[in-house]
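Inspection log for the structure reproduced underneath, given as structure tokens.
Just so it is clear: chains get the letters A, B, ... in the order the sequence lines come, proteins before strands, and each one is counted from 1. Only this structure's heavy atoms are used, side chains among them; waters, hydrogens and symmetry mates stay out.
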Amino acid sequence: MSEAPLLEVRDLAVGFESGGTVARAVDGVSFRVARGKTLGIVGESGCGKSVTAFSIMRLLPQPHGKILGGKILFEGQDLVQASEAELHRVRGGRIGMVFQEPLSALNPVQTIGRQVMEALLLHKPLTKEAAWAEAITLLDKVGIPSPEVRIREYPHQLSGGMRQRVVIAMALSCNPSLLIADEPTTALDVTIQAQILELMLSLQRDLGMAIVLITHDLGVIAQVCDEAVVMYAGQVAEYGPVEALFHRPAHPYTRGLLASIPRLTTPRKSRLPTIEGAVPALNEMPAGCRYQNRCPYAEARCALAPPPLEAVGEGHAVSCIRWRELPEFKPVSPAAV
Amino acid sequence: MRLSPQAQLQLRRFRSLKRGYGSFLILVFLSVLALLAELLVSNRALLVRYQGHFFLPTYGAIHPGRDFGSDYAYEVDYRELKDRFAAEHAGNWVLMPLVPYGPNENCYAGQNFQPRPPDAAHGHYLGTDQINRDILARLLYGFRNSLLFSAGFVVMVYAIGIAIGCAMGYFGGWFDLGMQRIVEIWSLLPFLLVVIIVRAALPAGTSFGLGLLLFVVVAFAWTGMTYFMRSATYREKSRDYVAAAQVLGAGPVRVLFHHILPNILSILVTFLPFTTAAAIGSLTALDYLGFGLPPPMPSWGELLREGTGNLDAPWIVASAFCALSFILILITFIGEAIREAFDPKKFTLYR
Amino acid sequence: MNSTRPLLLVSLALGALALGGCGKSEPSASGSAAAPSAPAAAATPAPAANAFPGMEADLQRTLKEQASFYHFKTPADLAKDTQGLTWEDGSDEAEFADPAAKKGGTLNEYIPDFPGTFRTMGPDASASFRQFILDYVAPAFTAPNPNLPGREMPQLATSWAFDPAHKTVYFRLDPAARWSDGVPFTTDDVVFTWYYYRSPLINDPWMNDFYAKTYDGITIYDAHTFSVTLKDLRPDSIDRAGNINPYPKHFFKDFGPDWVKTYNWRICPTLGAYTILEEDIKRPSSITLTHVKDWWAENRRFMRGRFNPDRIHLAVIRDPDKAFEAFVRGDLDIFPLQNPQLWYGKLPDNHPSVTSGFTVKARFYNQIPPPNFALWLNEAMPLLGNRDVRLGIHHATNFALVCQQYFRGDATIQKTTADGYGWDINPAVTPRPFDPAKARAYFAKAGFTTQGPDGVLVDKDGHRLSFTITTTYKRYTDVLVILKQEALKAGLEYNIEVLDETTGWQKTQQKKHEITLAALSRSVEMYPRYWEMYSGENAYDVPYLPDGSPNPARKIKPNTNNFSSLAIPELDQLIKQYDKTETMEQVKILAAKIEQIIYDDASWVNGWKLPFYRVGYRPWIKWPKNFDPMQSRDTEEFWTMWIDQDEQKATLEAKAAGRSLPVQILSYDHYRQP
Amino acid sequence: MSSPAPILEVRDLKTHFPVRGGIWLRSVATCKAVDGVSFQLLPGETLGLVGESGCGKSTLGKSIVRLLAPTAGSIRFEGVDLATLGRKKLKPIRRHLQMIFQDPAESLNARHTVGQILEEPFIIHGIGSAEERRASIDTLLDKVGLPRAAAHRYPFEFSGGQRQRIGIARALALQPRLIICDEPVSALDVSIQSQVLNLLLDLQREFHLSYLFITHNLAVVKHVSDRIAVMYLGRIVELSDAEDLYARPRHPYTRALIAAIPEPEPRATRPRFIGTGDLPSPINPPPGCPFHPRCPHATDLCRREPPPLRETSSAAEPSHAVACHYDLLPAAIPSPLGAPQKQESRDT
């Protein structure tokens with residue numbers, strides 16, 4: 001990973017203004033995405049993972065959301081400083097986006113063909129006929145059966161999985177180099193989820209694009225990502241290659257998460273390890289490590305200063321000052337069915 | 001009853017919205033003034049001292065002229081009485097209200113009927129209308145009529161709208177279907193035409209007073225409320241807290257009154273200012289067209305009509321227009337503030 | 001007034017004409033609505049549409065079937081028939097128009113609505129527009145001379161002769177008369193006119209009935225000579241026979257069962273001065289009348305000097321206030337200012353438009369029966385059947401104050417129900433004055449002795465002395481408000497109910513009102529009418545038992561103008577006699593008796609009348625020396641004004657330059673009655 | 001198998017909804033959300049009910065607590081058939097039959113304090129004086145691990161996990177014997193989910209509760225259940241001991257489900273089965289076996305005849321029923337379930 005990354009987020013800080021005060025929903029987040037790779041951002045609700053994704057596209061809810069600092073370098077261009085016109089070229093052109101709820105991402109009164117076509121025409125100099133043909137090709141590519149028929153249908157006539165495929169087709173319409181997928185499978189059933197994930201991976205292989213996948217599901221991360229960022233309370237807790245993260249988690253939070261998920265291999269009806277307590281509210285964040293109130297290993301010094309990101313291994317970093325002192329993590333035995 | 005913290009929060013937020021809260025205070029103040037109109041603007045004296053006795057004529061039965069030494073059996077003219085007592089120096093006196101004119105009274109006895117411009121010397125601060133009635137008095141009493149009308153309107157529309165709308169939303173099925181069709185047909189009836197027809201159908205001698213007018217207007221205004229109540233109930237009914245109550249064994253009455261209604265209360269409160277404005281608007285419109293309150297009941301619509309017909313006497317239309325706009329603006333500000341205070345979006349900034 | 005409906009002008013809404021500041025906005029209620037519902041004698045069941053053989057065939061069939069009505073004789077017979085009769089031609093009477101009037105120019109006026117039809121008969125035909133194409137402009141055979149009550153003036157007839165013995169009037173028509181489309185006017189049209197009025201197809205039973213009851217037959221002698229025979233002899237027989245507007249037979253060749261539709265927008269050729277050209281119909285904003293080219297009657301006596309403007313532009317302005325503004329602005333040339341709110345309030349003498357001389361204000365005292373504004377007490381209602389209550393109401397109703405302060409002394413209280421016919425009908429009758437004490441005495445007699453806390457009298461059963469006054473005159477609401485305030489002094493409460501025209505009219509016609517403020521407009525006639533408003537048969541279905549006592553089971557008769565539900569046998573007898581009288585002397589004696597009974601009954605509370613009409617107009621509009629004829633009700637009735645185009649130009653230039661012209665506030669009081 | 005009397009016995013339960021259309025809202029079709037479901041639930045046992053959205057699992061749960069009226073079949077709760085009982089007669093039974101809902105934010109009335117919410121069951125059933133009720137509320141809050149002061153606060157002041165505890169406390173209030181858990185942890189974050197699951201398991205042990213545990217999460221359901229029923233299009237397609245189901249899934253659908261679980265284990269080498277197609281609509285379920293349009297092994301028989309739920313294990317083994325015409329042993333599963341796919345591309 002010596003070459004320049006496709007996307008580099010540096011020290012990103014995002015705030016939401018309300019009644020005169022600004023709550024920092026994302027605070028000092030940094031990560032990189034290499035070309036053709038998949039980066040997962042995982043965390044619980046409110047940890048800032050979606051805000052980070054929206055910040056990359058500069059799609060924060062206005063007028064309350066603001067980027068307070070940091071850089072978002074995409075193909076060498078800082079999107080934080082980019083003008084609206086430049087952003088417009090980037091969005092849907094170089095970066096595609098897939099949302100959680102496909103139904104709300106589609107216009108209910110237009111056929112899916114028109115919507116895909118529109119996405120195409122916005123960024124490519126095509127005739128209408130060519131765009132139409134291209135739309136059919138795209139729909140075929142995302143695995144929609146008999147696309148020449150389906151193209152005339154309306155979103156409500158499709159199933160959730162098919163809709164998500166359409167959204168992906170729109171995101172792909174201009175051969176983006178980066179696809180940002182915000183919880184793309186959360187609203188879908190397991191079997192459909194597996195299909196969509198499979199589709200995204202195969203498309204990535206074919207088109208060579210990078211993917212930023214935002215999810216709360218560690219299983220999804222493990223299945224499809226190369227690297228992952230674990231976020232907690234607006235900050236990066238740990239990041240690294242998925243193998244390292246799942247087998248040698250360095251942050252107590254990552255460990256807690258991994259332990260608390262029931263797996264097929266977990267003894268039935270056994271007590272699950274838990275993370276006690278809850279995430280503090282944004283305006284009640286403690287000084288120092290934000291995880292300290294829930295951390296079984298917390299000490300007085302954890303409250304002194306925010307822990308820096310320390311390198312643990314190749315591309316693996318953790319934001320915990322005690323990571324070296326933690327007991328060894330017992331990896332879960334590989335799944336066997 | 002303790003306000004729920006959400007309600008307290010909403011109340012606090014409403015108070016913090018200066019414009020809306022200020023408008024609310026002004027409106028309350030004006031309403032109190034209007035309700036006490038007789039003490040401020042009236043042709044009846046506040047206090048009369050006559051032959052050692054005190055009289056409080058403001059409220060209650062009329063005093064015929066004979067009671068105070070005049071020779072007529074109809075109500076005494078207190079202004080005249082005041083002058084007479086003052087001239088007699090017999091220890092009798094009369095205390096008149098700030099504006100010593102009634103809303104229906106010809107204030108220039110013996111002179112031509114014609115609009116007269118504002119005349120502070122005579123106490124006609126806003127002038128008179130074309131039959132010499134004090135405009136300030138008519139404005140104030142007209143405002144009271146509007147207030148009473150809208151209060152009654154809101155209560156009745158809410159009562160009917162909530163009852164029918166909630167029943168439709170809660171019971172659903174054929175009842176809902178049937179009522180929906182009825183409501184649709186009912187709300188298609190041309191309101192003004194029906195008011196005219198209803199008036200004609202009433203037996204002679206029935207004066208079209210505030211109550212009856214209210215009844216007729218409400219009879220055609222309740223439908224709008226049912227739509228909101230129906231859909232709100234429908235939405236709330238399908239939420240899990242209702243299911244939870246049902247699983248606990250709660251019956252429809254408990255579910256409706258204990259669970260659903262408190263949860264749609266905020267909709268009702270949000271609609272309140274707009275319903276009030278609608279009531280004032282429709283009363284004014286009906287009066288303007290001459291299908292509202294029977295003359296000579298003071299009303300803003302009537303003043304507006306008279307004013308627009310007498311543009312050469314601009315103080316009539318100006319008074320009515322300013323008063324109406326002012327009140328409607330106040331209500332709009334209040335409504336805006338309530339809506340903002342109740343805005344659920346305020347609770348969540350981002351997901 | 002020259003009307004095709006000499007007897008049916010008793011219509012409620014027209015009452016406004018004389019008094020209303022916006023009088024023109026009042027449509028006259030259809031005569032048939034006010035008509036007794038007696039079936040038309042001449043009416044036969046309307047033939048089915050497909051069975052109608054066409055107008056010409058139907059006319060021939062009718063002439064054959066009704067040979068006792070339509071007579072055809074020769075010129076030779078005429079000499080025999082008119083032997084010994086004197087032919088009159090009105091030549092000894094002075095004209096009222098100014099022969100020096102200048103022709104030309106455009107007059108701008110307004111109508112409150114675009115007409116619903118150009119027909120002058122049938123549905124929608126009696127809207128205010130009709131006066132511009134018929135009532136005020138189309139000539140009849142003869143018409144009453146507005147300066148000489150009781151005398152006729154020539155119109156289409158050059159001369160006429162009256163044969164009282166045979167109740168017949170002979171007419172010689174002007175051979176030069178021709179319709180505006182050039183077709184000569186002949187007795188063919190006269191025959192058609194009677195056929196038309198008597199045809200059930202016109203959908204107007206009242207008209208059918210009237211033409212059946214009034215006329216016994218017509219006789220045609222030649223193309224320009226005919227006679228009309230009346231059923232009864234009345235003091236105004238000549239007018240009854242002569243004051244009829246003929247219709248052009250050639251235009252009605254498509255007349256049939258669906259004529260209401262087919263003729264709705266066809267423009268009827270006229271014998272009068274003005275017609276409508278297709279290109280001047282600007283729906284919905286205006287209509288323009290154009291003077292007929294080479295009008296046959298241009299130099300005829302009683303026609304010359306009239307109908308002077310070339311064009312009359314009628315803008316449609318629905319809102320009277322807007323219309324007034326348009327007048328002040330200069331968009332309209334003439335505007336009625338009858339209402340004191342207009343004359344004194346909106347256009348006072350010191351109004352810039354008046355002081356700059358751009359608007360002339362004129363008051364013209366006329367002599368016509370005014371609309372009889374009054375409170376009509378419905379005796380069929382509880383309490384109002386009690387004469388003491390009615391007398392109390394008389395004394396508790398302060399119309400004097402209305403006349404003095406609301407109408408600023410311009411109005412006077414009506415003396416009888418029929419003022420304005422040129423003679424004092426009953427000198428013994430005087431309106432009862434406003435007197436709260438007297439009123440309270442009468443109310444006490446009726447049992448209303450205690451005064452409630454609100455000042456309203458209450459009887460021992462707890463009935464409040466409270467009545468609702470129903471009216472359709474929105475603009476007189478203030479009058480009622482004044483009456484209400486005053487009545488409270490007598491312990492009487494009036495509730496005011498202002499209804500729209502249709503509903504209010506219906507309510508009073510159904511006799512569902514307690515009291516109504518209403519007026520019946522009356523045409524300019526020789527003597528008043530009583531039957532419609534005061535006869536018992538218009539109050540109840542069977543008013544009396546055979547012995548003459550009131551029928552206890554009688555039912556209110558709806559759709560009549562007896563607003564007081566008056567049923568007095570003695571009065572009915574008098575009215576019956578009155579309607580058969582042949583001489584004016586008899587008429588006067590009977591009318592005095594009738595008025596006395598109505599007065600004594602006290603169901604009619606005398607309202608106000610205005611003895612003039614008032615208008616504002618531009619200084620370039622000129623009038624004859626005496627302004628209008630004595631018996632004119634508004635400026636358009638006789639079309640005596642003319643436009644001085646030079647002065648118009650000068651005035652407009654002066655106005656543009658901001659120069660003032662002489663102030664003109666005129667009063668023509670040579671016809672003013674003491 | 002001699003077992004104690006079942007606490008709940010559902011037999012051939014059907015819950016159909018008319019699909020209305022046109023201005024008169026005539027019934028134009030029937031949505032067969034639950035179409036002939038039978039199972040038993042023993043005291044103290046957890047039966048997991050798993051399936052994808054639209055399979056009818058929630059409808060089944062709601063039918064059992066009679067939030068929905070079943071169309072046919074019986075629901076015997078401790079011997080009493082609830083399916084046809086009126087509201088009045090149902091009320092005393094409801095004390096023993098409670099429900100926990102998916103979204104605690106939705107299932108708690110935002111206008112009531114936690115105290116009011118927890119007091120309501122007692123008020124509805126007229127239990128205890130005000131004093132006693134307050135004491136009960138304190139006990140309940142202790143039980144679910146919330147501070148007693150919570151009684152005076154409102155639901156929105158709590159986090160998702162705490163709210164679900166309130167919901168659980170409410171369900172526990174009347175000391176039920178059976179609780180229908182309708183996706184109780186689906187709306188919760190991972191770290192909270194385990195807390196709630198632990199609580200549910202603790203409570204079960206303490207009060208000898210029976211759970212009908214409805215979820216779409218196969219890992220969760222395996223963790224909490226004794227037995228598991230897999231639903232597909234309104235029917236149970238497989239019902240077995242929990243361990244056995246995962247070890248030896250017999251229905252192709254169950255296999256597809258298990259294969260689709262994203263295990264939090266990179267480089268997992270489980271056989272992957274990516275089924276094609278979507279769940280058909282329960283309004284027009286396919287004839288024959290409802291799974292046949294998606295089943296790689298479907299035959300004409302499958303297309304023609306709906307397979308009954310039949311026992312496949314021998315008497316010695318725990319019961320394992322499946323609704324499939326064929327005995328598909330793992331070895332017999334052909335290629336789509338075969339080699340792991342798309343692994344190599346990620347090993348750079």
Side-chain angles (χ1 to χ4, degrees), chain A residues 37-38 44-46 145 159-162 188-195 197-198 201-202 204-205 216-226 241-243 245-247 253 256-266 268-276 278-279 294 332 334-337, chain D residues 46 51-55 158-162 189-195 197-198 201-202 204-205 216-220 222-226 242-243 246-247 249 253 256-279 294 341-342 345-346 348:
Chain A
K37 295 292 178 181
T38 304
E44 297 178 273
S45 51
S159 68
M162 286 299 157
L188 305 175
D189 285 314
V190 252
T191 52
I192 311 297
Q193 165 172 297
Q195 290 171 12
L197 292 176
E198 210 54 52
L201 286 180
S202 75
Q204 181 181 37
R205 235 185 3 258
H216 66 275
D217 191 335
L218 284 165
V220 170
I221 296 281
Q223 298 292 308
V224 299
C225 295
D226 300 302
V242 281
E243 284 83 0
L245 276 183
F246 281 82
H247 294 147
Y253 176 61
L257 278 184
L258 285 170
S260 61
I261 313 167
R263 307 171 183 222
L264 295 181
T265 47
T266 314
R268 218 159 45 78
K269 291 209 173 183
S270 62
R271 279 193 72 83
L272 292 163
T274 61
I275 302 173
E276 292 308 321
V279 188
R294 303 175 75 182
V332 184
V337 178
Chain D
T46 302
E52 292 178 285
S53 55
C55 72
F158 295 89
S159 71
Q162 287 171 316
D189 273 321
V190 205
S191 67
I192 307 298
Q193 177 176 309
S194 54
Q195 294 174 11
L197 288 177
N198 285 345
L201 291 171
D202 292 346
Q204 178 167 45
R205 270 178 224 118
H216 67 273
N217 188 323
L218 284 120
V220 167
K222 169 158 188 281
H223 185 70
V224 299
S225 305
D226 299 301
E243 297 288 355
Y246 288 82
Y253 177 61
L257 273 184
I258 293 169
I261 305 172
E263 270 286 274
E265 185 53 48
R267 301 165 148 281
T269 51
R270 281 176 301 115
R272 300 182 71 109
F273 169 93
I274 308 297
T276 52
D278 298 316
L279 200 65
R294 301 173 75 188
Q341 298 177 359
K342 289 141 195 153
S345 67
R346 294 158 56 247
T348 28

Measure [X] against the heavy atoms of chain D and call it side chain, backbone, both or neither at under 4.5 Å.
X	answer
Glu276(A)	both
Thr38(A)	neither
Pro241(A)	neither

Need one label for [X]: side chain, backbone, both or neither, based on atoms under 4.5 Å from any heavy atom in chain A.
X	answer
Ser53(D)	both
Gln162(D)	neither
Gln195(D)	both
Asp202(D)	side chain
Ile192(D)	both
Val220(D)	both

Which pair of heavy atoms, one from [X] and one from [Y], lies closest together, and at what distance?
X	Y	result
Arg268(A)	His223(D)	CG-O, 3.5 Å
Ala219(D)	Pro262(A)	CB-O, 3.3 Å
Lys222(D)	Thr266(A)	NZ-O, 4.0 Å

With distance as the sole test, does Gln193(A) use its side chain to make a donor-acceptor pair with the main-chain N or O of Ala260(D) at under 3.5 Å?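 No; judged by distance alone, with no hydrogens or angles, the pair does not exist.
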
Hey, is the main chain of Arg271(A) close enough, under 3.5 Å, to the side chain of Asn198(D) for a donor-acceptor pair? no

Distance col, row Ile275(A):CD1 vs Gln193(D):CD, nearest 0.5 angstrom, shows 11.5 Å

How far does CG of Leu197(D) sit from OG1 of Thr274(A), to the nearest 0.5 angstrom?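 The CG atom of Leu197(D) sits 11.0 Å away from the OG1 atom of Thr274(A).
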
Side-chain donor-acceptor pair present, Arg294(A), Ser191(D), cut-off under 3.5 Å: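 Yes, because at least one side-chain N or O of Arg294(A) sits under 3.5 Å from a partner of the opposite role on Ser191(D).
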
Does Glu52(D) form a side-chain hydrogen bond (donor to acceptor under 3.5 Å, both in side chains) with Thr191(A)? I'd like the steps, not just the answer. CA-CA 8 Å; Glu52(D) 292 178 285; Thr191(A) 52; 2.3 Å; yes

Among the options Ala259(A), Gly256(A), Ser270(A), pick out the one with the most heavy-atom pairs lying under 4.5 Å from chain D.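 Ranked by contacts with chain D, first place is Ser270(A).
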
Student check: side-chain heavy atoms of Lys269(A) and Thr46(D) closer than 4.5 Å: yes

Of the options Ile261(A), Leu258(A), Asp217(A), which is the one that meets Val190(D) in a side-chain contact (heavy atoms from CB on, under 4.5 Å)? Ile261(A)

